[in-house]
Amino acid sequence: MLHLAIIMDGNGRWANAQNKPRHYGHKEGAKKIKEILQGCLELGVTHLSLYAFSTENWKRPKSEVDFLMKLLERYLKSEKATYIENKIAFKSIGDLSMFSNKLQRLIYELEEETKEGAKLTQYLALNYGAKDEIIRTFNKLNANALSFSEENIKSHLDNPQDVDILIRTGGDYRLSNFLLWQCAYAELFFTKTLWPDFSKEELEKIIQEFHNRERRFGGLN
Ligand code: FPP
C-alpha cells in the first residue's frame, strides 16, 4: 500500500508567466493528471488523492469557478477510457451536493464503472475541505449511535486511507485543509515546480527519497 496525496498548486502563475489567462493553466493542469496517473501505475502507488477543488475555491471569481466546472465535466467524459483501460478506480471525496445534477451524475457514473479490480484507486477532492470531512464524519457517527473511536472515525471518512506521501507543488508550505486526519504521519514534500510543469521524473525522485526516509511513527530507532 502506498498512498500519495497531491496539492496541485500553481496553474494560475504558470499561465501568467506566459502571458496567458489563468484558465489556460487549469487546462494544462488537468492534462498533467494523465501523466501522473501513469507514473503512479509504474511506481507502485496504490492510492492517489488529488486536490481539485476546495470548499474555499468558491470564493474565486465566478468566471474561474464556471471554467473549472466545465473543465471537470470535460475531464470526466474524456478520461473515462483512461480509467477503464488502466483499471484505475475513480472515487470522489468532498461534499458533492453543491455541484450541478449533471456533474454529480457524471461523477457517480465514473465511480460505478471503475469500481472493480483496481490496481490504483484515485480520489478526486471536489468541494473538499478536511474540516468539513471531519464534521460530516462525526455527524454520521452520531446519527448511527457509533462511538468516536479512531477505527470508527477512519472508516467513516470520505477517504479512509492514511497518507504516506504528501506533495505540494507551487512553492507554498501549507496543507490548505487537505486530508488533515489522514496526513497525521505523512512524509511532506514541497516543490517550487508549478503543477503544469510537474513530471513523472520528479515524482519518481520524491518516491525514491520517501523510501530513504526513516519513518518512526512516534517510536524510537
Ligand atoms: C491551483 O492552481 C489549482 C486549483 C485551484 C485546482 C487544481 C485544478 C486542476 C489541476 C485542474 C482541474 C482538474 C480537473 C480534474 C478538471 P491555482 O489557481 O491556485 O494557481 P496559482 O496559485 O498559481 O494561482
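Everything numeric here is computed off the predicted structure, so don't read it as measured data.
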Q. Gln38: what forms a side-chain hydrogen bond (donor to acceptor under 3.5 Å, both in side chains) with it, not counting sequence neighbours?
A. none
Q: Determine yes or no for a side-chain-to-main-chain donor-acceptor pair under 3.5 angstrom, with Asn177 supplying the side chain and Gly129 the backbone.
A: no
Q: Under the side-chain contact (heavy atoms from CB on, under 4.5 Å) rule, collect the residues that match up with Ser78, sequence neighbours excluded.
A: none
(Q) Running the 4.5 Å side-chain criterion over Ile, Leu, Val, Met, Phe, Trp and Tyr, what cluster does Leu146 land in, apart from itself? (A) Ile134, Phe138, Leu141, Phe148, Ile153, Leu157, Trp181
Q: Using side-chain hydrogen bond (donor to acceptor under 3.5 Å, both in side chains) as the criterion, list what pairs up with Lys62, not counting sequence neighbours.
A: Asp66
Q: Can you run down the side-chain hydrogen bond (donor to acceptor under 3.5 Å, both in side chains) pairs that involve residues 46-56, sequence neighbours left out, and say none if there aren't any?
A: His3-Ser49, Ser49-Asn159, Ser54-Asn57
(Q) With a 4.0 Å cut-off on N to O distance, would you call Glu28 and Lys31 a salt bridge? (A) yes
Q) Taking only residues two or more places apart in sequence or in another chain, which ones pass side-chain contact (heavy atoms from CB on, under 4.5 Å) with Ile84? A) Lys80, Glu113, Thr114
Q. Is Asp158 reaching over with its side chain to a backbone N or O of Gly94, donor-acceptor style, under 3.5 angstrom?
A. yes
Q. Can you list the residues that meet the side-chain contact (heavy atoms from CB on, under 4.5 Å) rule with Lys102, with sequence neighbours excluded?
A. Glu73, Lys77, Ser100, Arg105
**Q.** Under 3.5 Å: donor-acceptor pair, side chain of Gln104, backbone of Leu96
**A.** yes
Q: Check for a donor-acceptor pair, side chain of Lys154 on one end and backbone N or O of Pro160 on the other, with a separation under 3.5 Å.
A: yes
(Q) Which residues pass the side-chain hydrogen bond (donor to acceptor under 3.5 Å, both in side chains) test with Glu187, not counting sequence neighbours? (A) Arg213
Q.
Run the side-chain hydrogen bond (donor to acceptor under 3.5 Å, both in side chains) test against Lys59 and tell me which residues pass, sequence neighbours left out.
A. none
Q. Cluster question for you: counting only ILVMFWY and a side-chain heavy-atom cut-off of under 4.5 Å, with indirect links fine, are Leu203 and Trp195 together?
A. yes
Q. Between Arg13 (side chain) and Gly170 (backbone), is there a donor-acceptor pair under 3.5 Å?
A. yes
Q) Partners of Lys205 by side-chain contact (heavy atoms from CB on, under 4.5 Å), sequence neighbours excluded? A) none
Q | Leu4 side, atom CG; Ile206 side, atom CD1 - distance, nearest 0.5 Å | A | 8.0 Å
Q: Specify whether Tyr83 and Phe90 have parallel, tilted or perpendicular ring planes, treating 30° as the upper limit for parallel and 60° as the lower limit for perpendicular.
A: perpendicular
Q. Can you list the other members of the hydrophobic cluster that holds Tyr24, where links are side-chain heavy atoms under 4.5 angstrom apart?
A. Trp14, Leu194
Q | Residues which pass ring pair (Phe, Tyr, Trp, His ring centres under 6.0 Å) with Phe210, listed by chain and number, not counting sequence neighbours | A | none
